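All remarks here apply to the structure that follows.
Keep in mind the model is a prediction, meaning the values are calculated, not measured.
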Amino acid sequence: MILKSIVASASDLSVVSVAGNAPLEFKNRVFGGRVIRLGFRFNRGRWKGNERFDFKVRAAVEVGVGSSKSKALQGNSGLDVVSEGELTVKGFAGLRKTKLVCTIGPACSSLEELENLATGGMNVARLNMCHGTREWHRDVIRKIKKLNEEKGFCVSVMIDTEGSQIHVVDHGASSSVKVEEGSIWHFTAEHFEGSRPFTVQTNYTGFSEDIEVGDELVIDGGMACFEVVEKKGNDLHCKCIDAGLFLPGAKFSFWRDGKLVRRNYKLPTLSTKDWADIDLGIAEGVDFFALSFVNHADSVKDLKNYLSTKSTKSIKVLSKIESLESLHKLEEIVRASDGIMVARGDLGVEIPLEQIPTVQEDIIYVCRQLNKPVIVASQLLESMVEYPTPTRAEVADVSEAVRQYADALMLSGESAIGSYGRKALAVLDMTSSRMESWNREENKQNLLNHNQLGAELPECITEQICNCAVEMANNLGVDAIFVYTKHGHMASLLSRNRPNPPIFAFTDDESTRMALNLLWGVVPLLVDLSDDAESNISKSVQLMESKGLIRQGDVVLVVSDIAHTRSSPMALQSIQVKTIA
């Protein structure tokens with residue numbers, strides 16, 4: 001079908017039939033060479049002739065296709081060693097789809113420990129700029145890149161900016177301090193070296209502005225609570241009313257009559273230190289920046305503009321949702337960002353604890369609607385900082401995040417300072433895999449009521465092609481989805497639908513490969529691609545066959561998108577289903 005000079009909304013394109021056939025079941029079948037055409041319905045009445053392009057849409061099922069005899073894509077398989085090993089042992093159905101992020105700290109910063117985490121399934125390494133020197137962070141980044149280059153891993157690097165840190169206090173000790181009920185503590189903006197008994201330093205001189213005697217000071221969302229008993233200048237004397245643990249670099253908030261005390265500090269999202277840390281990340285070629293304390297979209301846009309002028313590679317910007325203000329402007333922040341981190345620890349300081357589960361689910365839903373990856377972070381396996389096994393409640397919490405189809409789960413202190421980082425990562429891996437398997441077995445796929453993303457016809461068709469491809473893949477029970485992508489857009493649209501089979505995204509762009517590392521269900525491969533879709537398909541099939549990664553009888557759904565070229569003036573998007581003979 002040739003479509004000329006037209007614009008359509010996403011709702012104008014849908015699969016209406018599989019000509020003359022009942023639903024196909026590919027397993028244990030012998031196929032002939034038939035090609036089954038899929039029909040698409042278009043609402044011509046809603047199109048307007050204000051575009052200058054030709055578009056061709058083709059959807060076909062090809063069965064009985066043998067392996068290609070053409071020359072394979074250059075280089076190795078383009079697949080990281082961990083995914084290749086899992087695929088060899090577990091097959092397509094055994095691949096974990098939820099991605100895992102580990103915070104790197106003193107407990108896991110050696111080359112050996114980083115390799116252990118990579119082997120255990122770490123997809124993204126997070127560097128928290130609140131701790132450590134720039135030299136230390138630079139060393140860790142280079143170690144990770146060395147492992148990727150020399151050992152065949154595919155671990156992306158994320159820098160998490162410190163932010164203004166106006167809500168942070170520190171008692172000066174190297175570890176947690178136990179706070180006894182009834183003890184009196186001095187909170188001050190005075191800076192001094194080391195620690196003093198019952199004295200806490202704040203990072204902002206105006207921390208006590210508008211605070212009154214009788215207000216409650218809550219540490220880390222309830223790890224310990226104090227009542228303000230005296231105010232002297234900018235300093236506060238506080239009495240502990242709920243005993244607990246006081247961690248280094250703890251977050252605090254003030255409450256009055258059961259409500260958070262709101263104050264407008266009028267400070268920028270990115271501090272001078274943050275900009276210097278960002279320059280470090282650009283110089284070292286990191287893959288993501290996670291922006292702390294984002295309260296509006298402008299700060300995200302400012303950073304993106306800065307990166308576009310300073311970086312030669314594409315670096316993605318994630319926003320951390322950790323304040324009440326960010327919730328009020330959630331949609332605009334998500335739209336401006338390349339992804340979202342649900343920072344539940346800091347968020348729990350500002351909203352009632354009982355609201356965290358529903359807020360988490362709402363954020364994940366909005367991110368899926370707007371096609372942005374989302375990380376669930378903070379206190380997933382907090383007990384494993386000190387103990388070798390998690391609580392059963394923590395395992396249930398992890399399972400719930402997987403059930404909600406979060407793209408990724410993140411370890412914080414569990415990996416950075418804990419004694420059992422590798423075990424904590426293994427718990428995330430096992431729990432995610434089991435929950436994903438249960439979802440498939442119980443047919444619990446969370447079908448999304450799609451929000452239209454595109455406005456122009458090319459965007460709408462791409463979106464609907466991917467929606468239909470996932471529906472076909474699930475209904476036909478194929479083993480895998482192959483997609484060929486330059487910038488990762490089609491891979492993200494497929495991931496958004498959370499298909500049952502894994503998505504293998506073939507790209508020739510290194511930045512795209514590392515960004516795809518965060519997307520649910522996507523296995524990125526770095527390969528050489530051409531403008532010839534059929535050549536890419538046949539070569540990639542042969543390449544994976546040569547590695548023993550696909551076998552006779554496997555069924556693959558292929559989604560391809562060929563841009564305009566001199567030799568191919570038509571933009572061709574296609575869905576094909578191939579069985580390996």
Under 3.5 Å donor-acceptor, Asp274 side chain and Ser271 backbone |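 Answer holds: yes.
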Is there a donor-acceptor contact under 3.5 Å from the side chain of Glu394 to the main chain of Thr391?
->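 Yes, Glu394 side chain to Thr391 backbone: donor-acceptor pair under 3.5 Å.
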More than 12 heavy atoms of other residues, nucleotides or ligands under 6.0 Å from [atom1] of [X]: is that the case?
X      : atom1 : value
Lys239 : NZ    : no
Lys313 : NZ    : yes
Asn305 : CG    : yes
Lys304 : NZ    : yes

Do the side-chain N and O atoms of [X] and [Y] include a donor-acceptor pair separated by under 3.5 angstrom?
X      : Y      : answer
Ser337 : Ser319 : yes
Glu115 : Thr119 : no
Tyr405 : Asn497 : no
Ser83  : Asp80  : yes
Arg96  : Ser432 : no

With the threshold set at 4.0 Å, does a side-chain nitrogen-carboxylate oxygen contact exist between [X] and [Y]?
X      : Y      : answer
Lys231 : Asp235 : no
Arg256 : Glu216 : no
Glu190 : Arg196 : yes

Show me the donor-acceptor pairs, under 3.5 Å and distance only, between side chains in residues 515-524 and residues at least two apart or in other chains.
| from | atom 1 | to | atom 2 | distance (Å) |
| --- | --- | --- | --- | --- |
| Asn517 | ND2 | Asn123 | O | 3.2 |
| Asn517 | ND2 | Cys154 | O | 2.6 |
| Asn517 | ND2 | Ser156 | OG | 3.1 |

Go through the steps to decide whether Ser323 and Asn295 satisfy the test side chain to side chain donor-acceptor pair (under 3.5 Å), and finish with yes or no.
-> CA-CA 7 Å; Ser323 69; Asn295 292 329; 2.6 Å; yes
Return all side-chain donor-acceptor pairs below 3.5 angstrom for residues 354-363, not counting sequence neighbours, or 'none' if the list is empty.
| from | atom 1 | to | atom 2 | distance (Å) |
| --- | --- | --- | --- | --- |
| Thr358 | OG1 | Gln355 | O | 3.1 |
| Gln360 | OE1 | Arg344 | NH1 | 2.9 |
| Gln360 | NE2 | Gln404 | OE1 | 3.1 |

So do Val228 and Ile211 actually touch side chain to side chain, heavy atoms under 4.5 Å?
->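 In short, these two side chains touch, coming nearer than 4.5 Å.
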Residues which pass ring-ring contact (aromatic ring centres under 6.0 Å, His included) with His237, listed by chain and number, not counting sequence neighbours |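 Per chain and number, His237 pairs via ring-ring contact (aromatic ring centres under 6.0 Å, His included) with His186.
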